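Here the structure is laid out as structure tokens; the discussion comes afterwards.
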Amino acid sequence: MRGFDLTNLECLGRLVRKTCVTTLVLGVTCLTMTREAMALSLIRDAETEYVLHQYSDPIFEAAGLDPKAVRIHVLNDDNINAFVAGGQRMFIHTGLILKTETPSQVIGVIAHETGHMAGGHLSRTQDALKSAQVPIIISTLLGIGAIVAGAGDVGAALIAGGATVGQRDFLQYSRMQEASADQAAVTYLDRVGETGAGLLATFEQFRDQEVLSAQSQDPYIRSHPISSERLAALEERVHKSPYYDRPTPTDQLFAHEMLRAKLFGFLERPDVTFRRYPPSDQSSPARYARAVAFHRRGDLAKSMLELEPLLAAYPDNPFLWELKGQILFESGKVKDAIAPYQRAVDLAPDSPLLRVGLGQAMLAVEEPAYDKTALKELQVAVQRDQDNPSAFFHLAQAYAKNGDIGLATLSTAEQHYVNGDLKEAKIYALRAQQHFTQGSPNWLRAEDIIKEGDET
């Protein structure tokens, strides 16, 4: 995405026949899915992913996992939930961020899910799950959830849609695995000096939900059954931790509040945002939320009045500069957006999503002087993040503008591949091969995509 890229939206797949799992590039939404199909949006946002990795990477290391090997996906869903699936992939609902008061609550749930991952609780799959199969994970889990909630026909359709590329086994949680993940979570939290009070507080929210019917239960309780015995065992372990009373660092609390404000601004209607963050609230999170809400309302001047004081107070925050770039870009001031995007990249050069925003803005200016720089930015972006269809889409544009039709076509094939549309990916890969020498790296990459397409 381009920031909170609700604008940089890509439908994730024709592969789910009646649904379109969407990428919500914070700022825009691609709502082509049917309500009955209960489709979700996959959010790509540099700040959200950065904060979640700040929470999770120490936990992953404490569990003996390589943080760079674990992919975190953010789902636009208001329920408090998180799960792991498809190897080292963790899915976190926006509800977990928006409905928690402290970072320790999110960190605790991440530690619990890491316990499942490190404990080998995931079902084995025939092949390693590839990036293009993320839509399959989501459609299958949506289908399972629909069946549990009583919508059997919808659930079966979703699962069948995912099966068009290949069936996968998903984790069926048992009470023993849940208790094991609890204890592992506290171990990891102790290793990094983090309190387990947040995990305990989150689980206590669901203390009475096991007596409810499946239709009434929160999705988290359905996939993570919490018995009184399990909760008591967790309470005992958490209270014994030397870090139980550890206060949350002020900077971490601030980052959490800023992220919640940004998410709220993008995901709720502007009028709802203004009620939650009224003008009388002059805090930084409130200004952040209102800057987004005014932008979504199309009021550039008021949006900038809220954002500029934040930039003055926090000039080294790359995500504030990114938001300025996004607001200007989406307000039609494309050339003016380049400088703030560039500032964001300079401050956080390791973020591929920021480079996508910069490259997209440069291409949109329609001035040849920017084309080569845009190409370089987008090349770096896809080298560091090959799960972003939007990056491949803009990379294809950049190659075309620079006269390389072969790589433009191959990038389009990659875009469809990541989206899970293997039939379209194969079509473009076949076209791309015509531009490459047989046996060359690019020809072989196209061949790999073609073979994947043949399997469908």
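We number each residue from 1, following the sequence as shown. Remember, predicted model here, so these are calculated numbers, not experimental data.
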Heavy-atom side-chain contact between [X] and [Y] under 4.5 Å:
| X | Y | result |
| --- | --- | --- |
| L328 | M304 | yes |
| M362 | Q342 | yes |
| Y277 | Y288 | no |
| L378 | V382 | no |
| I43 | L75 | no |
| T273 | V292 | no |
| L234 | V186 | yes |
| E414 | Q386 | no |

Dump the intermediate steps for side-chain contact (heavy atoms from CB on, under 4.5 Å) on E178 and H112, then the final yes or no. CA-CA 8 Å; E178 288 302 312; H112 173 88; 2.9 Å; yes
List in chain and number order the residues that pass ring-ring contact (aromatic ring centres under 6.0 Å, His included) with Y188, two or more places apart in sequence or in another chain; answer none if no residue qualifies.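 By the ring-ring contact (aromatic ring centres under 6.0 Å, His included) rule, Y188 matches no residue at all.
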If we ignore hydrogens and angles and just use 3.5 Å, is the side chain of [X] paired with the main-chain N or O of [Y] as donor and acceptor?
| X | Y | result |
| --- | --- | --- |
| S331 | L300 | no |
| S351 | A348 | no |
| W321 | D346 | no |
| R296 | F266 | yes |
| T187 | Q183 | yes |

Can you run down the salt bridge (Lys or Arg N to Asp or Glu O under 4.0 Å) pairs that involve residues 180-190, sequence neighbours left out, and say none if there aren't any? D182-R230
Is the distance between the ring centroids of F294 and F274 less than 6.0 Å?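 Judged by ring-centre distance (under 6.0 Å), F294 and F274 do meet the cut-off.
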Measure from the ring center of F83 to the ring center of H116 and say whether it is less than 6.0 Å.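 No.
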Tell me, please, which residues at least two apart from D316 pass side chain to side chain contact (heavy atoms under 4.5 Å, CB included). R343, L347
List for me each residue that meets side chain to side chain contact (heavy atoms under 4.5 Å, CB included) alongside P247, sequence neighbours excluded, and say none if there are none. none
Do we see a donor-acceptor contact under 3.5 Å between the side chains of [X] and [Y]?
| X | Y | value |
| --- | --- | --- |
| Q88 | R71 | no |
| N79 | N81 | no |
| Q326 | E322 | no |

Once side chain to side chain donor-acceptor pair (under 3.5 Å) is applied, do any residues pair with [X], and if so which ones, sequence neighbours excluded?
| X | result |
| --- | --- |
| D299 | none |
| E306 | R287, R290 |
| S284 | Y314 |
| E268 | none |

Residues which pass salt bridge (charged side-chain N to carboxylate O under 4.0 Å, His left out) with [X], listed by chain and number, not counting sequence neighbours:
| X | result |
| --- | --- |
| R384 | D350 |
| R246 | E194 |
| E49 | R44 |
| R269 | D271 |

Can I107 and I59 be said to form a side-chain contact (heavy atoms from CB on, under 4.5 Å), step by step? CA-CA 8 Å; I107 293 170; I59 300 295; 4.2 Å; yes
Minimum heavy-atom distance between [X] and [Y], given as atom pair plus value:
| X | Y | result |
| --- | --- | --- |
| L189 | G108 | CD1-CA, 4.5 Å |
| I92 | I72 | CD1-CG2, 4.1 Å |
| V70 | H53 | O-CE1, 4.0 Å |
| L96 | A82 | CD2-CB, 4.3 Å |

Could you check F392 against H416 for ring-ring contact (aromatic ring centres under 6.0 Å, His included), going step by step and ending with a plain yes or no? CA-CA 9 Å; F392 281 110; H416 288 294; over 10 Å; no
Distance check, rounded to the nearest 0.5 Å: K324 atom NZ versus E308 atom CD? 4.0 Å
Step by step, would you call N388 with V418 a side-chain contact (heavy atoms from CB on, under 4.5 Å)? CA-CA 7 Å; N388 187 351; V418 176; over 6 Å; no
Quick one, Q360 with F329, criterion side-chain contact (heavy atoms from CB on, under 4.5 Å). Give me CA distance, side-chain angles, the key distance, then yes/no. CA-CA 9 Å; Q360 180 179 3; F329 183 93; 3.9 Å; yes
How are the rings of [X] and [Y] set relative to one another: parallel (under 30°), tilted (30 to 60°) or perpendicular (over 60°)?
| X | Y | result |
| --- | --- | --- |
| Y55 | H256 | tilted |
| H239 | Y244 | tilted |
| F319 | Y50 | tilted |

Residues E61 and R191 bridged, charged N to O under 4.0 Å: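 Here E61 does not pair with R191 in a salt bridge, since their nearest N and O are not under 4.0 Å apart.
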